[in-house]
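Remarks on the structure that follows.
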Amino acid sequence: MTAAQNPLDDWQARGLIHQATATGLGEAMAAGTVTGYIGFDPTAPSLHVGSLLQLTVLMRLQRAGHRPIALVGGGTGLIGDPSGKDEERQLLDVEGLADNLAALERQLRGFLDFEGELGAIMVNNMDWLGELNLIEFLRDVGKHFSVNSMIARESVKRRLEGRDHGISYTEFSYALMQAYDFLELHDRHGCTLQLGGSDQWGNIVAGADLIRRERSAEVHGLTTPLISRSDGRKFGKSEQGNVWLDPEQTTPFEFFQFWLNTADDDVAGYLKLLTFLEVAEIDQAVGDAAKRPEARQAQRLLAAELTRMVHGDQALARVEQVTKVLFGGGELRQLDSAGLREAFRTSPRIRIDRVEISTGVALTEALVRASLAPSKGRARRDVESGAISINHEVEGDVHRELGTGDLLPGGFIVLRRGRKTYCLIETAG
RNA sequence: GGAGGUGUGGCCGAGCGGUCAAAGGCAACAGACUGUAAAUCUGUCGGGCAAAGCCCUACGGUGGUUCGAAUCCAUCCACCUCCA
């Protein structure tokens, strides 16, 4: 582990800092090890790309020689954070939450180093929130919170004004829980820094205030900006919905493609926010890429860096191979069976009986079964408009049947609709 | 409690007895162009089939009137506006 350093200048240069407490965080970081935490909500069984920024911030903290704490909200998850929400949340049920927590912890462990002197720490706030005594909590913690200032907070105010929204006492209390988390981590692990997205600022400051009052200690808070898109749409969603870090939910191929499709205007910012490449290196790469925008080198760099970080070198290599075969030209027949299998490892696939193939399967039928078309009528229209290709060759005949002659080495057929939608047919039996 | 209005395809919105699987717009899908981009243009856009045709399902629910209903009537449901 490297000696502690102050990474704030670098963070500033990357645009990572949205708001920070005015106190001497930089000095503290230069002087010695700082322990900082970020909380992750167990609202889903996987993190998605929206959490990636927080994740990398913890990694940066560790790389700069400080100790990161990853907190999973086993307790707060039962309450629900009103920040940034217009409506009261559906309470999560206990079993679902337990599954989410386990998955979340598993993921987080993959990104941080838990070994050694400055090893990361994993905590679950259920461990202390679950044991709280209501009377004591209200006396010790509640006493430090003024309802007057709590209702002045933007996230609460919005909910008080909207006559059809409202906010329950449950969610109103959320800020106290999170503030208490900070205090608890301060006591348990000497944590003096809380990081988070810009929507967490209020909760973070509440925690810092609590610590100042209860422990007379000065602690720090820092928030990252919301990742935006130049076209104004919400970051983190593809056509298929959320982009998850779990390869079961979003395949490495889809993950890679998501980043590869980043708009030119966004790519430099994302590289700085999310990758560990040096700022100068990024500027250089983006500058070079701009000379030949069609090659989209900057997007390739971004996609490669993040795919490697989340899914590993092997997955990246596979994904790049798939990308090359799918978008680089039609050399499908040159690939041997193993290569094909590898290239389409992450593609959707269906099985069709070998016997069935040998007697002929209508193309329209196959398209429906492959989920490339919702109905045969639709499949027919797609074929007529030249959208469908078999093994990378456009097929315009509606009455075309798939037969053994279409099988690639290894017994596959590659069906494609449009440019980007694929399905692999495997034969079985 | 009283008066009135509205409910149409993923969304908005026309239609107000047959020619309506329902104008138009948006979204979506595909094609051309391109950089696996944006914009633009073109086509498609409920489902099925031996398909320029036929059949099924569909205009909030149910039940009627009619040769025939998204369109008329009754009733129920939902939402909205106004009055008190």
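Proteins come first, then strands; the chains are lettered A, B, ... in the order of their sequence lines, and each starts at number 1.
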Steps toward salt bridge (Lys or Arg N to Asp or Glu O under 4.0 Å) verdict (A/R400, A/D406): CA-CA 11 Å; A/R400 173 77 142 80; A/D406 295 309; 3.0 Å; yes
pair A/L108-A/L47: side-chain heavy atoms closer than 4.5 Å: yes
Short heteroatom pairs, N/O only, protein and nucleotides 39-41 of chain B, under 3.5 Å:
none

Among B/G31, B/C29, B/G35, the nucleotide that comes nearest once only the side chain of A/D264 is considered: B/G35
First of A/G386 and A/P374 reached from the 5' end of RNA chain B, by closest nucleotide: A/G386
Separation of B/A30 P from A/E395 CD (nearest whole Å): 18 Å
Counterpart base for B/U57, defined by Watson-Crick or G-U wobble contacts under 3.5 Å: none
Intermediate values then yes/no, side chain to side chain donor-acceptor pair (under 3.5 Å), A/Q299 and A/D264: CA-CA 8 Å; A/Q299 280 88 342; A/D264 292 353; 2.9 Å; yes
For B/G1, the Watson-Crick or wobble counterpart (both distances under 3.5 Å): B/C83
A/Y270 and A/F235 aromatic centres sub-6.0 Å: yes
Same-atom distance (P) from B/U81 to B/U75, integer angstrom: 25 Å
Of the listed nucleotides B/C45, B/G35, B/G48, the one nearest the side chain of A/Q299: B/G35
A/T251/A/E254 under side chain to side chain donor-acceptor pair (under 3.5 Å): CA gap, chis, key distance, verdict: CA-CA 5 Å; A/T251 63; A/E254 291 165 327; 3.2 Å; yes
Pairwise C1' distance for B/G61 and B/A78, with rounding to whole Å: 10 Å
Atom-pair distance (CD on A/Q257; P on B/G35), nearest Å: 17 Å
Sugar-phosphate, base or nothing in reach of A/R296, heavy atoms under 4.0 Å: base
For atom CG of A/L367 and atom P of B/G48, their distance in whole Å: 12 Å
Nearest-Å distance for atom pair CH2/C1', residues A/W259 and B/U36: 17 Å
Under 4.0 angstrom between A/R378 side-chain N/O and B/C29 OP1 or OP2: no
A/S375 side chain near B/G47 phosphate (N/O to OP1/OP2, under 4.0 Å): yes
Whole angstrom value for the distance that separates P of B/U36 from CZ of A/F253: 13 Å
Upstream residue (5' side of RNA chain B) when A/G418 and A/L260 are each assigned their closest nucleotide: A/G418
Rounded interatomic separation in angstrom, taking CG from A/N261 and C1' from B/A38: 13 Å
Watson-Crick/G-U partner (both atom distances under 3.5 Å) of B/G17: none
Touch class at under 4.0 angstrom, heavy-atom based, for A/R292 against every strand present: nothing
Audit row: A/L176, A/M150, side-chain contact (heavy atoms from CB on, under 4.5 Å) steps and yes/no: CA-CA 10 Å; A/L176 273 70; A/M150 282 173 77; 3.3 Å; yes
Value in whole Å for how far the P atom of B/U36 lies from CD of A/E294: 9 Å
Parallel, tilted or perpendicular: ring planes of A/F255 versus A/W259, cut at 30 and 60 degrees: perpendicular
Distance below 4.0 Å between A/K376 side-chain N/O and B/G47 OP1 or OP2: no
Aromatic plane relationship, A/W244 with A/H48 - under 30° parallel, 30 to 60° tilted, over 60° perpendicular: perpendicular
B/U6: pairing nucleotide in any strand, Watson-Crick or G-U under 3.5 angstrom: B/A78
Minimum heavy-atom distance between A/L402 and A/A366, given as atom pair plus value: CD1-CB, 3.6 Å
OP1 or OP2 of B/C29 under 4.0 Å from side-chain N/O of A/R419: no
Atom pair distance, as rounded to whole Å: CG in A/L372 and P in B/A30: 10 Å
Under 3.5 Å on both distances, the Watson-Crick or G-U partner of B/C45: none
Proximal nucleotide (of B/U36, B/A30, B/G35) relative to the A/R300 side chain: B/U36
Any strand: nucleotide that pairs with B/A27 via Watson-Crick or wobble, under 3.5 Å: none
B/U44 base / A/E384 side chain donor-acceptor hit below 3.5 Å: no
Who pairs with B/A38 - Watson-Crick or G-U, where each distance is under 3.5 Å: none
